[in-house]
Structure formats: structure tokens, C-alpha cells
Protein chains: 4
Amino acid sequence: MVYRKTPATEARKDARRKKLLESAVRMFGRHGYHAATVPMIVAEAGSSVGSFYLHFRNKEEIFAAVLEDLGEKISVLFDEIEAEEPNRLLCVERGLESLFLFLAQTPELARILLVESSGLSTRLEKVRRSILQYHVEQIRMNILEMPEVFAVADPRIAAQCLVGAVYEALCCWLEEIPEQRLPVLEVARAVSDYNMRALRAQ
Amino acid sequence: MVYRKTPATEARKDARRKKLLESAVRMFGRHGYHAATVPMIVAEAGSSVGSFYLHFRNKEEIFAAVLEDLGEKISVLFDEIEAEEPNRLLCVERGLESLFLFLAQTPELARILLVESSGLSTRLEKVRRSILQYHVEQIRMNILEMPEVFAVADPRIAAQCLVGAVYEALCCWLEEIPEQRLPVLEVARAVSDYNMRALRAQ
Amino acid sequence: MVYRKTPATEARKDARRKKLLESAVRMFGRHGYHAATVPMIVAEAGSSVGSFYLHFRNKEEIFAAVLEDLGEKISVLFDEIEAEEPNRLLCVERGLESLFLFLAQTPELARILLVESSGLSTRLEKVRRSILQYHVEQIRMNILEMPEVFAVADPRIAAQCLVGAVYEALCCWLEEIPEQRLPVLEVARAVSDYNMRALRAQ
Amino acid sequence: MVYRKTPATEARKDARRKKLLESAVRMFGRHGYHAATVPMIVAEAGSSVGSFYLHFRNKEEIFAAVLEDLGEKISVLFDEIEAEEPNRLLCVERGLESLFLFLAQTPELARILLVESSGLSTRLEKVRRSILQYHVEQIRMNILEMPEVFAVADPRIAAQCLVGAVYEALCCWLEEIPEQRLPVLEVARAVSDYNMRALRAQ
DNA sequence: TATGAATGAGCGTTCATTCAT
DNA sequence: AATGAATGAACGCTCATTCAT
């Protein structure tokens, strides 16, 4: 008799995987890659070590999955703006601001991307880099499309600068104790301002 | 007969310590904090585990020492420029460029600062941050001193953006395979250009 | 499908723990606390280091467990006698003798209690002391209950003397080479005789 | 030219050795055999590790020396009493009391003998045992000399009991917090009382 | 599929002892 | 004789991963 995977089983499996991923985000975000152990992650998810390895080949894999999910979320963010906003300059500006706001709202994810995903294996480094490169590329394309509104010598380096500026400002903001922080929006504007001045033809 | 601590003994101890530090730079730079083990570091230095713990309380300590040494070097770089160059705007520009060149020349140190020192213990995070903050502060002061030549709303955020831009561009440059890289100087100029446009009053 | 913790699994875990404890008794008894290493204990038990730390937080913990088990065994010994023998004087006498016989039969346990558990951490010292104090207290209560048959000035000190006398005599006996030892029973009697003369009202 | 050891050199060497021994007593008494390290001992003595190994073959050796010195002191105590007091019974009584007082006055030495010297190497165990055996033997001789005043079946076991009783009572007394302790003399008397009742013919 | 007990390689660290000065 | 920097064997312990149930 042939065993057929029932939809219910499939759905349950996906739910479990999702739970593990959520738990991993929390644990990696709070404790970092090395300090977050597999037992910790499964305990938080109400699952078991054995189950963990049914869903992910290893610890690296789940971290990569977390990172990829995040990358996906961010690119969706950009795509939406791209679709709505025909003005390339405004597009970059709005993209920058909404990325800033998005990461500020999910500090565990922000920490994973900005801090904890650095200095790990080559594999993970690549995933992290591909997220950043995606933005860089996105911005570079915008610049190339309308050279008359952007006034930069090297669009790729300009894009890298912009990305670096956004992430560093975000890092600094996240590090401050919440009571002393400026409002996110204000910071996002200041960052966007800085970069727009650098990009815009005068 | 009274034993007198000979200068030679003292000098040899210092030399050993220095050798361990150099070896640590190489190992941390190549393999990262976690993958670089104490046995690896001492083997590379031609020393022994016991000797290691004679010079450093633990592994964290030597990483901190490496980072602090680097911080020292960088601040010397800035101080020299500050002393020579009276023009604040040029000061920031030249500082940015020489930092870029310095780190590009010592890629292991660059990797330690930019990649490997992230996501470690609170203690090490602090050391890393203090180096970055030092630049931020340096630049912020320059901006504050001559508000008429700089045209930014929030000097602190502007300084953060600049630092982030420089480091991210550097990261990207270091990651490319040497054969395909643009000349450092060219990149440094492009980065400096981007940030000067953002800072300068038009 | 829901996994149910089988009784078999549980039982196997308990068996493993018990085996580790038995092995620890042998190793601690033969080599002492410091010379008995975790690898030695697990090898003897046919287990693994990882498993060891699944059952015990650390080396100190397993030593404490061994000691506590021993304390439990000894107090059972006393309780049985107390329940059977209404005469307080005979109670003390029989308690003394059966403790002597019990420890003489399990020289590894005896060595752990009498020799190896001394001079360790405060934590372990406390466990050891609590076993000895339990006897002291037991005897003191017997003395207090029937002051007319016991003729001692300070019941607490008398009880301490008795316990010390028993353990020292036992130590000496265990140290002699088996061929030259007097029969245990004879020694036990002599020790009991000494202490009964000290306790009894004339 | 022949080098002749000057008396002054000899004297200085002895002084250094004595200082090391005194420091060892403090360190072993406070921290125990394993926790007291050679660097600790030499630091306390104002000497150096190298110097240490000129005076003692190794750590075990200095512990043995400390123990032997203590044994010497105790046997002197007994010999004096033996010489002064012709009555064998009083001799045992006074010996017991002065040992008690002596050790109560030098708690570091007491701790070394009663607690820390247990469970070490065979070599050290032997030294410790020889001190205790010396007392046992001393007392046994007294008993044998005047069988009419002592009424014990087996003098050796009686002597062991006495020694064990004294040391255990002492241990208990040392362990109590100073403010709550009974006066030493009182305890010494109670212990002596206990043992005299056991020894004396009625 | 789900479980969690079991594994063991490999880590950081300590400290008695040696030895060049 | 005196020094203290140097050594390295050996320890306790962690945790990603496997596997019997």
C-alpha cells in the first residue's frame, strides 16, 4: 500500500518548521549565533532536538534560513516601493526610509543581520552579503536608469556607501538605550537626507 | 646574591608578547574569533599555551588587545592629519582617505575590525564600538567647529553615516578577488567624494 | 504522531545513572577525588563524557551524590535498629557495631567517607559533615532521652567522641594489610566496649 | 680556589626555608593542598618559584615537611609531659588536654593535620598517619605499663579510639563559628572526661 | 514522524616544574 | 644562590549531531 502524504501532515510539518524559525530568530537575535544552542532553540519552540534535524540539516542551515527569510522580506519591501513610485530619486529615498523603519521595528532581526551574521562561516557570510548586495544592486540600477538626476562618479560605490551609511546609523540607534533615542522617523529622515545630498545632482 | 631583573629579560618578554599579538592578528584575521584557537595562535608564534596565559588572561583578552592596538594606530593616523591640516573639510577628507588606505594595506586587521569583531561578547563589542565611536566623534567635532562649511542637520548622524559608508565600501572592496579590484586610491576617492558631497554646504 | 516517553527509555536512563554512580564509587574510593578523572569514571562505566554531563552537572555533583547515597544507607541502618531495639543503651551499641561492620564490608565507600571527602570544596565538606553530624545527633538524642543510664556531662561532645573513636578505629583497621587484621567483629566489639564504658553510668 | 660555604650563607638559606615553610602553613591551612599553588606560597614568603625548588624537591615535599614539623612539635609536647608527670593516667589526661589546647591555638596547623592532609598521595598519607600512630603508640605504652589502673581489653584499639575521639571533637569545635563556641578548656575537659571514663578501671 | 538520551571531538584553561640568565 | 619566564600535559566541560525507540 502506497503511503500518501496527507495535506494535513504537510501543513503540520510546515507549522513546526515555522515555529522553529521564529524561535531561532529570537534566540539568535538575543544571544548571537554561537551562544544560541540547538537545545535552546527547540525548547523555546516546544519541539525536540531530533525534530530539529528533521527540518534543518544543521545549525548553520537554520541560521541561513532565518537570514534568507529576512532577505526575502526586505526585497518585498523594495519591490513594492519600486512598483508604486515612478520617480527613481524618491524611490531610493523611500526605500531607505522604509528599510530603516522596518529593521527598527524588529530589533531581533536587525541584530541578526547587522551584528550576529558577521564573522561566521563562508557560507553564512555569503548569505549575509547577498542581502546587502541586493540593496546595493537595487540602488545602482536606479542610479544608472536616470543619470541626469543622480550625480555620482561610480554608481556601485555610491550604492555601497548608501547601504553602509544606513546600516551603521541603524546600528548606533539600536545600541542606544531606548529612553535616550531620538524618534526613529527623525533619524531615518536625517540618514536619508545625508545620502540624498550625496546622490543628487545640484 | 641578589637577582636583578635584567633589561634583556624584560625585552625578551615584550618581544614574546608582541609576537603573540602579531600571530593573533593573523589567526583572528584569517579564521575569525571562534575558529582561531589558542593552540593555533601559540603554534604560529612559536610559543606555548602556558606562555600565552602568562601574557594574556584569556583568549578574549588578546582579542581585545589586538583591537585596542588597532584603535590606537587609527587614532594616531587621525591626530597627525588634524595637526597638519588646518582646513576642517580637508581634514575629514584626508582622514577618510588615509583610513581607507591604511585598512586596505592591512587586510587582516581590516577583517578583524570590520567583520570578526562583531557579535562577540559585550566586552569585545564595547572595544569595537569605542573605535568606531572615536571616528564618529572626531568627525562630529570637525563639523561642529565650522558649521558654515558643513551643511548637515544632525552632525552626529552625519558622522555615523560617513563612518558606515567608508567601512562598507571597504568591506566590499576587500571581498572582491584582488585581480578584479579597482585601484584602492580610486575607490578611496570615490568614497570620499560621496561623503564630501553629503557634508559640504553648496 | 505524538511521541510518548516510554518507561523503557526512562529505565535505561536510570540504569545508566546508577552505573555511573557505581563506577564513581570505585574510582573515588581507589584514587581519591582529584586523581579520579571524569574520563576514568565514564570509561569504567562503559559510558561517555557527554552522557556523564547529562546525568550530573559536574564532577563535584557526582561526588556529592555518592556521599549522599552513602549517608542515606547509613541512616537507614540506624533507623532500623532504632525501630527494633527499645533499650537506648543497646541501641547505641548495636548502631555502632553495625556501622562498623557495614563500612568494613564496603571499603571503597568507607575510604570515600573517612579519607577522600576531607579537604575538598565547602559544598562537599558540608555533605560529609552532615553525615557525621547525623550520627552525632542520633546518639545525642539517645543520651538525652535516658539520662539515668548515660553518665556524661556534655551529650554533644560525648557523641562527637564516640563517632570519632569509631571512625578512627575503622580507618586503622582498613589500613592494615588484610592478612594481619583482627576479625572485624572483634574490633567492632572492642570499639563498642570502649565507648560503652565511657557512656554508661557506673 | 675552593668555595667554602660561609656560615652566613647557611644561615640565610635556613631562614629562607623557614619562611617558605611558614608561608606554606598559612596557604595550605587556608586553601587546602590543591588550591594552594606554588606561586601563592612563594609570593606570601616574598620569594620566587625558582628559589622554592632549590629548597624543596616539589610541592608534596613541602607539605610533608610542614606535616613533619607539626609531628615534631606534638611529640615534644608529649615528651615534656611524660618527663614531668610520673602518674601514667594523669599523663594520658594531661597529654590529651595539651594537644587539644595546642591545636586549638594554631587553627591553620590543626586544619592541615585534621582536614587537608587526608586523601592526598600515599606518601603524604603515610606522614599523616605516622603522626597519629605516634600518639596511639604513646598511649598504648602508658596503658601497657600500668595495666592495673587501665581497664581495657585491647590497648591498641583503645588508644585509637582515644585519638579519634580527640581529633573529631577538635574538628567539630574548629568548625563552629568562634562566637558560638564553648571555651576550649571546657571542651578539652569534656573530651578528656569521656576518654578517662573509658580507660580507667572502676 | 517525533523523541531525547547518548556521543566524543575539541575547546579554554591551570599549574607543577624546568631552565636560561 | 636566585629569579621568573617558559613549558605542556592534563583537566573539566560544551554542544552539534546521531540514533535507538
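Sequence lines set the chain letters: A, B, ... in the order given, protein chains first and strands last, and positions in each chain run from 1.
- B/Tyr33 places its OH atom 13 Å from the P atom of E/dC11, with the value rounded to the nearest Å.
- For B/Glu116 and A/Ser118, the side-chain atoms include no donor-acceptor pair closer than 3.5 Å.
- The distance from atom CG of B/Asp14 to atom C1' of F/dG4 is 14 Å, rounded to the nearest whole Å.
- If you take CG of A/Leu20 and P of E/dT3, they are 10 Å apart, rounded to a whole angstrom.
- Distance check, rounded to the nearest 0.5 Å: CE of D/Met27 to CD1 of D/Ile112 gives 10.5 Å.
- A salt bridge does not link D/Glu60 with D/Lys126: every distance from a Lys NZ or Arg NE/NH1/NH2 to an Asp or Glu carboxylate oxygen is 4.0 Å or more.
- Residues of residues 43-62 of chain D that place a heavy atom closer than 4.0 Å to DNA chain E, in numerical order, are D/Val49, D/Tyr53, D/Asn58, D/Lys59.
- Rounded to whole Å, the distance from NE2 on B/His34 to P on E/dA9 is 22 Å.
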Problem - Worked verdict on A/Ile41 versus A/Arg26 for side-chain contact (heavy atoms from CB on, under 4.5 Å) - result: CA-CA 8 Å; A/Ile41 294 169; A/Arg26 274 197 296 280; over 6 Å; no
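- One axis for each end of the helix from E/dA2-F/dT21 to E/dT21-F/dA2, each built from five base pairs, and the angle between them comes to 10° at 10° resolution.
- The NZ-P distance, from D/Lys19 to F/dA1, rounds to 19 Å in whole Å.
- Between C/Pro39 and A/Ala36, the one whose closest nucleotide on DNA chain F sits nearer the 5' end is C/Pro39.
- Atom-to-atom distance recorded for A/Arg128:CZ and A/Glu68:CD is 15.0 Å, nearest 0.5 angstrom.
- Put simply, CD1 on B/Ile41 is 14 Å from C1' on E/dT13, counting in whole angstrom units.
- Salt bridge status for D/Arg16 with D/Glu22: absent, with no side-chain N to carboxylate O gap under 4.0 Å.
- Note that CG of B/Leu54 and OG of B/Ser47 are 9.0 Å apart. Values are rounded to the nearest 0.5 Å.
- Ion pairing between a basic and an acidic side chain is recognised when a charged N comes within 4.0 Å of a carboxylate O; D/Glu61 and D/Arg17 show no such pairing.
- The NZ-C1' distance, from C/Lys13 to E/dT7, rounds to 15 Å in whole Å.
- Here the side chain of B/Thr9 is nearest to one of E/dT3, E/dG12, F/dA5, namely F/dA5.
- Between the P atom of F/dT3 and the CZ atom of B/Arg12 lies a distance of 17 Å, rounded to the nearest Å.
- Both cation-pi conditions hold for B/Lys59 and B/Tyr33: the charged atom is under 6.0 angstrom from the six-membered ring centre and inside a 45 degree cone around its axis.
- A close approach under 4.0 Å does not occur between any side-chain nitrogen or oxygen of D/Arg17 and OP1 or OP2 of F/dA2.
- For the pair D/Arg16 and F/dT3, the criterion of a side-chain N or O lying under 4.0 Å from OP1 or OP2 is met.
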